[in-house]
Number of protein chains: 2
Amino acid sequence: MRDELYESASQLFFLMGHPVRLRILDLLRRGEACVCHLQAALGLPQPYVSQQLRLLREAGLISSRREGLFIYYRLANQQVEELLGKVLGPVEETQPVPGCACPKCQRSFSADFLKEAVR
Amino acid sequence: MRDELYESASQLFFLMGHPVRLRILDLLRRGEACVCHLQAALGLPQPYVSQQLRLLREAGLISSRREGLFIYYRLANQQVEELLGKVLGPVEETQPVPGCACPKCQRSFSADFLKEAVR
DNA sequence: ATAATATATGCAGATTTTTGCATATAGAGC
DNA sequence: GCTCTATATGCAAAAATCTGCATATATTAT
């Protein structure tokens, strides 16, 4: 009974104990994101990102939602958010990522362009 | 700069993301313990326990103190205690471990024997 | 149906970690 | 000095993970 607790807890820590996966989780703290967004933000090949996402998804740390061609991932575990906060500090502000083609990023780029135009 | 944060944080999680190391840390939450104590509590060979202890020590999660022939280990990282609390819940009561020969365990056995005698 | 795009999956070589075991070290007591 | 006990270290085989790449799937648009 307590053995299972150790198993699940160490699996949780194991998944968070990888630089790339930890960064993915940290990015998702700021809100949902599509694969192309994570890919651009991390500067890593898409299949690689998808594989790490699969591990996190299968373990229930994140979940996904399809919208047309894009699949948006988000955190699905309260404990993960708390652990991230304890170790990485408060959530950092989202910064638009060049190189991501999803509607969300396009929108934030437009907003930026507007800001630039106002200056 | 933030990269280093990810590195150190994922190293911390990595070390905690192993069933045996996690159990060792959980045992040390209850107070310092010698190797023979951990060995008996986990039911694992002594060299194996010492190796995991070395990893935890080199990363600064635990520290040790020698007293004669015995070496007592204890948690040396506040963050680790908090993370353990969040995932494993409050500290469980220490239970004397048969098979451990250190003075501390002998003492707790004596206490138990007293309790038994009172019944 | 075909093409194009976003994402997922499968597989294999390279690298790490895990685990077990033999042996070394260090202190205590004789 | 020698012996005993507690702990540490070294090494290697086995197992797991990491990483990269080729390819498959699913959806949209033409």
Side-chain angles (χ1 to χ4, degrees), chain A residues 6-7 10-24 27-28 32-59 61-74 97 99-106, chain B residues 6-7 10-24 27-28 32-59 61-74 97 99-106:
Chain A
Y6 286 122
E7 275 307 319
S10 59
Q11 200 210 4
L12 178 65
F13 284 131
F14 169 79
L15 287 167
M16 300 181 74
H18 182 284
V20 170
R21 288 195 293 262
L22 188 61
R23 290 177 73 151
I24 290 176
L27 285 166
L28 294 182
E32 63 176 10
C34 59
V35 178
C36 59
H37 185 90
L38 299 172
Q39 175 186 354
L42 298 169
L44 292 170
Q46 173 269 318
Y48 182 75
V49 175
S50 278
Q51 284 209 80
Q52 303 300 346
L53 286 172
R54 170 154 69 153
L55 290 177
L56 295 171
R57 178 166 31 84
E58 286 176 347
L61 275 68
I62 61 178
S63 60
S64 61
R65 165 180 82 84
R66 171 156 233 148
E67 191 176 314
L69 224 46
F70 299 90
I71 296 183
Y72 293 98
Y73 281 90
R74 63 181 176 283
V97 176
C100 176
C102 77
K104 292 206 168 191
C105 282
Q106 293 311 315
Chain B
Y6 286 122
E7 275 308 318
S10 59
Q11 201 212 2
L12 178 64
F13 283 132
F14 169 80
L15 287 167
M16 300 181 74
H18 182 284
V20 170
R21 288 194 293 263
L22 188 62
R23 291 176 73 149
I24 290 176
L27 285 167
L28 294 181
E32 65 176 11
C34 59
V35 178
C36 60
H37 185 91
L38 300 171
Q39 176 186 354
L42 298 169
L44 292 169
Q46 175 269 318
Y48 183 76
V49 174
S50 278
Q51 283 207 80
Q52 302 301 346
L53 286 172
R54 170 155 69 153
L55 289 176
L56 295 172
R57 176 166 31 85
E58 286 175 347
L61 274 68
I62 61 179
S63 61
S64 61
R65 164 181 84 82
R66 170 157 233 147
E67 191 176 313
L69 225 45
F70 299 90
I71 296 183
Y72 292 98
Y73 282 90
R74 61 180 177 283
V97 175
C100 176
C102 76
K104 291 206 168 192
C105 282
Q106 293 312 314

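Reminder, nothing fancy here: chain letters follow the sequence lines and each chain counts from 1.
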Rounded to the nearest angstrom, tell me the gap between atom CD in A:Q11 and atom P in D:dA16. 14 Å

side-chain contact (heavy atoms from CB on, under 4.5 Å) test vs A:Y73 passes for just one of A:R57, A:R65, A:E32, namely A:R57

Whole angstrom value for the distance that separates C1' of D:dT17 from OH of A:Y48: 10 Å

How close do B:L55 and B:R21 get, heavy atom to heavy atom, and via which atoms? CD1-NH1, 3.5 Å

Separation of atom CD in A:Q51 from atom C1' in C:dA8, rounded to whole Å: 9 Å

For the side chain of B:Q46 and the base of D:dA8, is some donor closer than 3.5 Å to an acceptor across the two? yes

Rounded distance in Å - CG (A:L69) to C1' (C:dA3): 12 Å

At less than 3.5 Å, do the side-chain atoms of B:E67 and the base atoms of C:dG27 form a donor-acceptor pair? no

Nearest-nucleotide comparison on DNA chain D, the residue closer to the 5′ end among A:L44 and B:L53: B:L53

Would you check if the side chain of A:R66 reaches a backbone N or O of A:G68 as a donor-acceptor pair within less than 3.5 Å? yes

Of all the nucleotides listed (D:dT9, C:dA8, D:dT17), which has the minimum atom distance to the side chain of A:F14? D:dT17

Interatomic distance, B:Q52 CD vs D:dT9 C1' [rounded to whole Å]: 14 Å

Just how far, in rounded Å, is P of C:dA8 from CG of A:L38? 10 Å

Taking any heavy-atom pair under 4.0 Å as a contact, classify B:P45: base, sugar-phosphate, or nothing. nothing

Whole angstrom value for the distance that separates C1' of D:dT25 from CZ of A:F70: 16 Å

Whole angstroms only, please: what is the CZ-P distance between A:R66 and C:dT5? 16 Å

Of the candidate nucleotides D:dC18, D:dT7, C:dA8, which contains the atom at the shortest distance from the side chain of B:Y73? D:dT7

